[in-house]
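Some notes on the structure that comes next.
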There are 2 protein chains.
Amino acid sequence: MRKNCLVAQSGGPTAVINSSLYGVISEFLLAQPSGKVYGGLYGIEGIIKDKVIDLSCHSEEALKELRNMPSSALGSCRYKLPSIEVKSSDYEKLIEIFNKYEIGYFFYIGGNDSMDAVSKINDYVKKIGLDVKVIGIPKTIDNDLINTDHTPGFASTAKYLCNIALELWFDINCYDKESIMIMEVMGRDTGWIAGSTGILKELVPGINQLIYLPETAFEKERFIKEVKESLKKNSKLLIVTSEGLKGSNGEYINVEDNCYEVDSFGHKQLGGVGKYLQDIIKEYVTKNVKLQEAGVVQRCAMHCSSKTDLNEAEMVGRYGVISALKGKSGFMVAIERNSNNNEEYKSVAGLVEVSEVCNKVKYVPLDWIDKENSNVTEKMRDYIRPLILGNEVALSEDGLLKYKNTHRFRVES
Amino acid sequence: MRKNCLVAQSGGPTAVINSSLYGVISEFLLAQPSGKVYGGLYGIEGIIKDKVIDLSCHSEEALKELRNMPSSALGSCRYKLPSIEVKSSDYEKLIEIFNKYEIGYFFYIGGNDSMDAVSKINDYVKKIGLDVKVIGIPKTIDNDLINTDHTPGFASTAKYLCNIALELWFDINCYDKESIMIMEVMGRDTGWIAGSTGILKELVPGINQLIYLPETAFEKERFIKEVKESLKKNSKLLIVTSEGLKGSNGEYINVEDNCYEVDSFGHKQLGGVGKYLQDIIKEYVTKNVKLQEAGVVQRCAMHCSSKTDLNEAEMVGRYGVISALKGKSGFMVAIERNSNNNEEYKSVAGLVEVSEVCNKVKYVPLDWIDKENSNVTEKMRDYIRPLILGNEVALSEDGLLKYKNTHRFRVES
């Protein structure tokens, strides 16, 4: 009887992906005390190289520190598992590992590609008749998985960005002249992250803000007009843009409009969307325009994480274990919002077929974007508001995030 | 008898410059209840245009909100007051304003250029025999004013950057491959801000970090060698660089080495130092190198501010008022560190001749930089450690910074 479990993390890390990891480990050790929890290092890519460690030896206290630790404690990978027809050796290797460690349950924490891997592995073990339950635990700051209200990681990114956007708004208001700040945030295909900053309107009712999302086609002439008109209302303007804006032909605008830069060694490089919007404004509107690329920090800003997000990340990890132990396999854990706008926010975990989730993208609904395609509507704000509630992670009295073991797991491999 | 005071802010805003403003207003209203406090909007530039508002009407409670509000609530300017010989009209206009509002005390909160203005205005009022006390209140995240242990604003920037640098360190550790993160921080002439991140060594003893400061000449070949050697020790590497690195001839390296980019409209633009270092690493070492430009957020990150910094910012404001009311003029308030490393940190305010401070730059002492010129020594860490102590500003339960009046003062003009 296979009674052990294997858990691994994949894709870009988030502030709360380790909270899901903690949920999986803690729940499994609780529900199946005779079983062991193994961690696969560096996702599927590491597992097939037998980079597997025993996590059962850690105290609950030591494990709990994971809950507030950003980035993937087990390491991650950007490996798209090929189909069985293309590379059967990956599957054979995986089964070897499952057999070696007597794995009966496999939990993979990740985004779209990871759910694709979960689906493929589930199909494979079923096909060969191996009794391994395979469950996907959702994670992505992009919030683009379907059949779940939202994904763990997204809310903490949104919360950090809303707070720094507010600070940037204060900053550009300090000079007695036109002043534009562009903040470029993640989101190549969807505008969830950019759209989340629409919540600023509740903090600063008179804020002058434009938000651009990949869901609607970007038009340069219209953009110039909108910026000029916004400046007439208020000489300070905050523009939030997704990194992946597309033109009417579906191409990324920085590709389409040839927004290339030549680096110090003469190599041509694709410039960012924020930089491109800044160039357009400098050329056609005003030189007083700054750019803040929110960068990698937005996906690991634990110091500004959402308690609701941390809780839900742990919840989906625990629910995955509970479901697998009940015999479920081939599912992703989803989050269901169980409250209306006027009620206290509640959410519960549920299961959705992983094969229906993977390789699909959840876009921002078009009626959550305003008529001008340059801001979000109340529906987006109602959606975001409860997700960023609550603060859990505090800086120490020394002023810094502190961990007893900043290398938890990886150095032990 | 001139019994009113005028206060204004100048230069780049910081997270705590409004705490100094609060200190000035609160102390003056306390000590001179019959006097009024006027605020000059947008610094000297606004004052000479008579952009002056009465601040005395606000409740202590309303004023106290300033303490935790980032950016300059009175607005700021980047105006270098010309000498009297060059533009006497500025001085005449100022005196007109002083007379109109019966100003007996003028407090100017700012950095080097502001202290130069304080010195010039003090000389002028003395020369014409006008009884106005003129005091400079220090403010600059750059920490480059002499004759003060440090400047308000610096510690909060350092604290934010140390925390996000830690988060970035976690982030780059998640993949099973070489991974370099470059974080570019402010500091065109001095490396105080970059150097402050040396404190990370105390959080992560084994951290692989290189820090480059403008105080020592940057050599490309040496840099490439250092990066390669660092990667041999640990495949993850965090590089923190000041935005203003200089070569052995004293020129900025991105100018010297022709690090220009061509924007979307064919204009040649100076690239940043971080981008240049990234280009060098991509060319000579590895493609796995990311760049985080800390950007404007680093000077207004109230959500990560230091309580010690907020306290000291208020302290220098109050001390300026106390000194002026005692008849002092032509001074800058300085911070004196009154404790050794093993004792509880204490600081007091004092006065230094503003004419000795302005137009000078405090560099990081060379023995605070290591022999290889690519990190800081224990002396820098001892210096930084107490400055970032304590947390005061908390996000609301909604997850956001909240202010009753996000426009405090400026819209009222």
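Only this structure's heavy atoms are used, side chains among them; waters, hydrogens and symmetry mates stay out.
- Considering all non-hydrogen atoms of both residues, Leu203(A) and Leu401(B) come closest at CD2-O, 3.5 Å.
- When heavy atoms are compared at a cutoff of 4.5 Å, Ser306(B) does not approach chain A at all.
- When each of Leu400(A), Ile388(A), Leu387(A), Ile172(A) is scored by its heavy-atom pairs under 4.5 Å with chain B, the top score falls to Leu400(A).
- Proximity to chain A (any heavy atom under 4.5 Å) is restricted, for Lys275(B), to the side chain, taken from C-beta onward.
- Only the side chain of Gln292(B) comes within contact range of chain A, judged by heavy atoms closer than 4.5 Å.
- Here the shortest heavy-atom pairing between Ser71(A) and Cys174(B) reads OG-CB, 3.5 Å.
- Chosen from Pro386(B), Gly46(B), Gly12(B), Pro13(B), the residue pairing most often with chain A at heavy-atom distances under 4.5 Å is Pro13(B).
- At a 4.5 Å heavy-atom cutoff, the contact between Glu283(B) and chain A is made by side-chain atoms alone.
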### Query
Going through the checks in order, is the side-chain contact (heavy atoms from CB on, under 4.5 Å) test met by Val297(B) and Leu168(A)?
CA-CA 6 Å; Val297(B) 176; Leu168(A) 291 171; 3.7 Å; yes

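- At a 4.5 Å heavy-atom cutoff, the contact between Ser396(B) and chain A is made by backbone atoms alone.
- Considering all non-hydrogen atoms of both residues, Cys304(B) and His303(A) come closest at SG-CD2, 3.9 Å.
- For Met181(B), the part sitting under 4.5 Å from any heavy atom of chain A is the side chain, from C-beta outward, and nothing else.
- Top candidate by heavy-atom pairs under 4.5 Å with chain B, chosen from Gln278(A), Arg78(A), Glu45(A), is Arg78(A).
- When atom types are taken as modelled, the side chain of Asn163(A) and the backbone of Gly399(B) share a donor-acceptor pair closer than 3.5 angstrom.
- In this structure, no portion of Lys307(A) lies under 4.5 Å from any heavy atom of chain B.
- With a 4.5 Å cut-off on non-hydrogen atoms, Leu395(B) touches chain A through its backbone and its side chain both.
- The parts of Ile280(B) that come within reach of chain A are both its backbone and its side chain, each placing non-hydrogen atoms under 4.5 angstrom from that chain.
- Per-residue heavy-atom pair counts under 4.5 Å with chain A were compared for Thr308(B), Asp176(B), Ile164(B), and the maximum is reached by Asp176(B).
- Remark: Asn311(A) engages Arg67(A) in a side chain to side chain donor-acceptor pair (under 3.5 Å) (not counting sequence neighbours).
- Counting heavy-atom pairs under 4.5 Å between each of Cys162(A), Gly206(A), Ala301(A) and chain B puts Ala301(A) at the top.
- Proximity to chain A (any heavy atom under 4.5 Å) is shown, for Lys177(B), by neither the backbone nor the side chain.
- Residue contact with chain A, scored on non-hydrogen atoms closer than 4.5 Å, involves the backbone of Ala294(B) exclusively.
- For Tyr284(B), the part lying under 4.5 angstrom from a heavy atom of chain A is the side chain only.
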### Message
Could you walk me through whether Phe170(B) and Thr406(A) satisfy the side-chain contact (heavy atoms from CB on, under 4.5 Å) test, starting with their C-alpha distance in whole Å, then the side-chain angles of each, then the deciding distance to 0.1 Å, before giving a yes or no?
### Response
CA-CA 8 Å; Phe170(B) 273 102; Thr406(A) 45; 4.1 Å; yes

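- Residue contact with chain A, scored on non-hydrogen atoms closer than 4.5 Å, involves the side chain of Tyr160(B) exclusively.
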